[in-house]
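Lettering of chains follows the sequences in order, A, B, ..., and the numbering in each one begins at 1. For the numbers below, each heavy atom of this structure counts, side chains included, while hydrogens, waters and symmetry mates do not.
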Protein chains: 2
Amino acid sequence: MHPTVTDAPALAQLAALLADTSRARICLALLDGRAWTAGELARAAGVAPSTTSDHLSRLVEGGLLAEERQGRHRYLRLADPDVAQLIEDLAGRAAPVAQPARSLRAARATTALAYARTCYDHLAGRLGVLLHDTLLDRALLDRAGGLTLTPAGLDWCADLGLPVAPLRASRRPLLRDCLDWTERRPHLSGALGAALCARLLDLGWLARGTGRAVRLTPAGVPALAAALGLPPADLAPPATTDAGGGRA
Amino acid sequence: MHPTVTDAPALAQLAALLADTSRARICLALLDGRAWTAGELARAAGVAPSTTSDHLSRLVEGGLLAEERQGRHRYLRLADPDVAQLIEDLAGRAAPVAQPARSLRAARATTALAYARTCYDHLAGRLGVLLHDTLLDRALLDRAGGLTLTPAGLDWCADLGLPVAPLRASRRPLLRDCLDWTERRPHLSGALGAALCARLLDLGWLARGTGRAVRLTPAGVPALAAALGLPPADLAPPATTDAGGGRA
DNA sequence: CCGATGCTTCGGCCCCGGCCGACACTCTTT
DNA sequence: AAAGAGTGTCGGCCGGGGCCGAAGCATCGG
């Protein structure tokens, strides 16, 4: 039976885990999909290591975080993609609108992130939106009545070396919209969104930058352009730093 | 930009609204999709009306609840379907597993709910799952790569007098799985799931029972059976109370 | 073996917030 | 007009929990 009032204590207990600014900061930091050490999270949260230790224990016990101990380090990550989705949903509803005006240096710093970054485990930013749009344009995806993979899209995934069948086995939706906060347009989330991001990193077309930033590699520019049927110029990053053309 | 640590205060504030057992009870009660008076919610939450009043004001101010004042009554409902989804998601993750064994009378009481009930604004229970399965069997829905409405399904909706186009305009996903806790199988949620449920009630094929229970009307049995291409017997409710056959 | 680093435990402080009862207010009913 | 029900406000009580610093263990490096 769907949740009833009897579930209230459990619901409140779970919500209480996120109802503290420090713990919320920790969870939001972990949205980048990586595993952080306890000390890093303490700095990110802005509270003493001792306080953080307590927070982390609770979050792990509450099932939101998973921990892995290695030597004198304690690595923490979000327990699973569902948790990431949950936090995104909550934050999305909670977030006011962010700051309207930014300093110049801050704007420069965010330029790289605006171009391409990970959103927990999938691709976001201009590149993420471009991918989403192109796949729709080429009828590899279809959104007449829900976002789906077309037969052609299934072939396209296969060509990339991305088996789709196992993704269907998971309880996670295959495809899902995720609103891009820089672009204000949707990009791809869900099991396939995550698998696609992982595959592009695996192929070496994408590489992780600092933080959650991601960049197209020199090899990735022509390869991805070819896969999408776009001129390589359309994939150009924002800055002129790495304007080098197609070198496979 | 996706949620960052700067959004932590807002996230924590939102989560804090659900981090109290009384407020959680209130929200879970409202999951039935109806508007309750403040007094009813006070009794449901098990706290004094004065305490409840404070809770309700916070929930409204936090955007989770919407209120409507009529005379000396204050009616409250969930602000929108997104909130319902959010609470469902949280509760689904939080809920332990509920009680393993039930008393006989409790079992009898839940029989009606197991047959058909609303899940916020869409249809759940055996009937909800049957609908989901039949629509898939008849290829009105398709889940090869995401749950979608097929062209035939679009016609089927039109035949029911259910315009789909306006539903696409909303930000809400058209179709979404919602795990049925009695059946352990998915039923239809999303904008279309809600619209379908509303339409069936509107047509008089379904009628609301007590609480969130729903029943097929005498007119609804043959009509829905015909629409689904099923023998009316397949729609039989659990008890023998209303075993009347097809009377159009 | 010794110091440095990363993390945890403990005690104590303090504030936040949930709770109630008493009272005030409003709208309905008689 | 008076009585009553539904709701909101206020003051006060009290427990929970977030915070820190000090001290205690581990692990890693020399």
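- With a 4.5 Å cut-off on side-chain heavy atoms, B:Leu196 and B:Leu160 count as touching.
- Protein atom CG of B:Leu56 is 10 Å distant from nucleotide atom C1' of D:dT7, rounded to whole Å.
- For the pair B:Thr118 (side chain) and B:Leu123 (backbone), a donor-acceptor distance under 3.5 Å is absent.
- Proximity of a side-chain donor or acceptor of B:Asp80 to a complementary backbone N or O of B:Val83 within less than 3.5 Å is detected.
- Using a 4.0 Å heavy-atom cutoff across all strands shown, A:Thr37 reaches sugar-phosphate atoms only and no base atom.
- Distance CG (B:Leu76) to C1' (D:dT7): 11 Å, rounded to an integer number of Å.
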Is there any protein nitrogen or oxygen under 3.5 Å from a nitrogen or oxygen in nucleotides 12-14 of chain D, and what are the pairs?
none

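- Atoms CD (A:Gln13) and P (C:dG18) sit 16 Å apart, rounded to a whole Å.
- Using a 4.0 Å cut-off between charged side-chain N and carboxylate O, A:Asp20 and A:Arg25 make no salt bridge.
- A salt bridge is defined here as a Lys NZ or Arg NE, NH1 or NH2 lying under 4.0 Å from an Asp or Glu carboxylate O, and A:Asp89 with A:Arg176 meets this definition.
- A donor-acceptor distance shorter than 3.5 angstrom exists from the side chain of B:Arg93 to the backbone of A:Gly63, with no hydrogens or angles considered.
- Whole-Å rounding puts the B:Leu59 CG to D:dT7 P distance at 15 Å.
- Taking 4.5 Å as the limit, every side-chain heavy atom of A:Val214 sits out of range of all side-chain heavy atoms of A:Leu200.
- Atom C1' of nucleotide C:dG6 and atom CH2 of A:Trp36 are separated by 17 Å, given to the nearest angstrom.
- With hydrogens and angles disregarded, a donor-acceptor distance shorter than 3.5 Å links the side chain of A:His122 to the backbone of A:Cys119.
- Protein atom OH of B:Tyr75 is 13 Å distant from nucleotide atom P of D:dG8, rounded to whole Å.
- One finds no salt bridge joining A:Arg23 and A:Asp54 here, because no Lys/Arg side-chain nitrogen approaches an Asp/Glu carboxylate oxygen to under 4.0 Å.
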Next item on the list: For each nucleotide in nucleotides 15-28 of chain D, reading 5' to 3', give B when a protein heavy atom comes within less than 4.0 Å of its base, S when such contact involves only the sugar-phosphate, and - otherwise.
Entry: --SSSBBB----BS

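- Remark: A:Arg74 is not in phosphate contact with C:dT5, judged by side-chain N or O atoms under 4.0 Å from OP1 or OP2.
- Per the geometry, CD belonging to B:Glu67 stands 12 Å off C1' belonging to D:dG8, to the nearest Å.
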